[in-house]
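Inspection log for the structure reproduced underneath, given as structure tokens.
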Amino acid sequence: MPEGHSIRHLANVFEETLVGEKVKVASPQGRFQAEADALNDKTLESVTAHGKHLFLHFGDDKNVHIHLGLYGWLYFDGDPATESTRMRIEGNGTAANLIAPTACQLWTDEQVEDKKLSLGPDPIHADSDPDRAWVKLKKSSKPIAALVMDQSVIAGIGNVYRAEILFMTKTMPFTPGKETTEAEFSEIWDLSRALLRDGSRDGKIRTVAKNHLYGDEVRLHGCAHFSYVYKRSEESCRICRSRVQQAPLAGRTLYWCPSCQS
DNA sequence: TGAGTATGTTCAG
DNA sequence: TGAACCTACTCAT
């Protein structure tokens, strides 16, 4: 479900509610019980996000690594824990309930650092270095549409942002990375940063300009979103009216406009 | 109500 | 490359 903007948004919610608090940690589902016992009554010192990975730091070499994967989500605002809640963190009159994550692990500081080093730069961070992504991209013969979603190249972009960013920058998605110019990459990086930051404010993806807002919305897990091309392969391009195309690429469905992105 | 699909990653073959 | 993970939503029946 989530791309990098959602993870940054969830980190913000943690910072507003539970960071600095002595918390109760539990695992109603049981699969995180031993780890929860080790964290119970500790203070949640800080929370960091890198790409689609979320890290809860408890000090004393104890951190929780969370990856929501395809199904996972974190519910706040006092929603009651259910028997499928992998981890529940409670304090300060609120609670976070973690449901169906791909990963929920107790990690050392070293494990956290190793994971962050394995990921590409995250455009949402002011101090991330786009050159690390550019060096990898310009060496690769893989299509740009595979590279921008490769978390070891750029961390945080998923299938929705991939389609929308390549459309908005008029990038032909099958262009090999090594044929991309530095100016084209800079445009992709800058737009990624702007869109991820904007989306992280409320956890929603916003890409379509006001003057292009018409027609049907795309439903993303119960929420309505407008998109330029994502999931619009039965419809016409908002700009040129060509039929939006779809094809599998890098294991996911890619959407693009063959006229605007040529 | 059941089939199909999905903002993702890892691992086996 | 495909299966597994195993939830929530959409759509057809």
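What's counted below: heavy atoms across the whole structure, side chains too, no hydrogens, waters or symmetry copies. In the text below, chain A, chain B and the rest are named by the order of the sequence lines, each starting its count at 1.
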Separation of B:dG8 atom P from A:Leu98 atom CG, nearest Å, is 17 Å
When the ring centroid of A:His5 is compared with that of A:Tyr161, is the distance short of 6.0 Å?
yes
May I ask you to verify if any side-chain N or O of A:Arg252 is less than 4.0 angstrom from the OP1 or OP2 atom of B:dA6? no
Review point. Between A:Trp107 and A:His65, what is the ring plane arrangement, given parallel below 30°, perpendicular above 60°, and tilted in between?
Key: parallel
How would you label the contact of A:Arg206 with the nucleic acid (heavy atoms, under 4.0 Å): base, sugar-phosphate, or nothing? nothing
### Query
For A:Lys204, which contact category applies under a 4.0 Å heavy-atom criterion: base, sugar-phosphate, or nothing?
nothing
Check: Taking atom types as modelled, is there a side-chain donor on A:Gln33 or A:Asp37 under 3.5 Å from an acceptor on the other?
Finding: yes
How about A:His212 and A:Tyr228: are their ring centroids closer than 6.0 Å? yes
Separation of B:dT7 atom P from A:Ile165 atom CD1, nearest Å, is 15 Å
Rounded to whole Å, the NZ-P distance (A:Lys231 to B:dT5) equals 10 Å
Of the listed B:dG8, C:dT7, B:dA6, the closest approach to the A:Asn159 side chain comes from B:dG8
Suppose you measure atom C1' in B:dT7 against the same atom in C:dT1; what distance do you get, rounded to whole Å?
22 Å
When rounded to whole Å, the CD to P distance for the pair A:Glu164 and B:dT7 reads 12 Å
Separation of B:dA6 atom P from A:Trp73 atom CH2, nearest Å, is 19 Å
Among C:dC6, C:dA8, B:dG8, the one nearest any side-chain atom of A:Ile99 is C:dA8
Fill in: Any A:Tyr75 side-chain N or O less than 4.0 Å from OP1/OP2 of C:dA8
yes
#### Entry: B:dT10 and C:dA8, which share atom name C1', separated by this distance in whole Å
22 Å
Between A:Arg86 and C:dT7, does any side-chain N or O lie under 4.0 Å from OP1 or OP2?
no
Looking only at atom P, what distance separates C:dG2 and B:dT5, rounded to whole Å?
15 Å
In whole angstroms, the gap separating P of C:dC9 from CD of A:Glu217 amounts to 16 Å
Between CE of A:Met149 and P of B:dT10 the distance, given in whole Å, is 13 Å
| message | Please tell me whether A:Asn92 and A:Thr94 have a donor and an acceptor in their side chains that are separated by less than 3.5 angstrom. | response | no
Here the distance between atom P of B:dT7 and atom CD of A:Gln246, to the nearest Å, is 11 Å
Margin query: With a 4.0 Å limit, can you tell me whether A:Lys52 has a side-chain N or O closer than that to the phosphate oxygens OP1/OP2 of B:dT7?
Written below: no
message = Any side-chain N or O of A:Lys115 below 4.0 angstrom from OP1/OP2 of B:dT9?
response = no
### Message
Taking the basic N atoms (NZ, or NE/NH1/NH2) and the acidic carboxylate oxygens, is any pair closer than 4.0 Å for A:Lys42 and A:Glu35?
### Response
no
task = Mind checking A:Tyr230 for me? I need base, sugar-phosphate or nothing, with any heavy atom below 4.0 Å counting as a touch.
result = sugar-phosphate
### Query
What interatomic distance, in whole Å, is found between P of C:dC6 and the corresponding atom of B:dT1?
25 Å
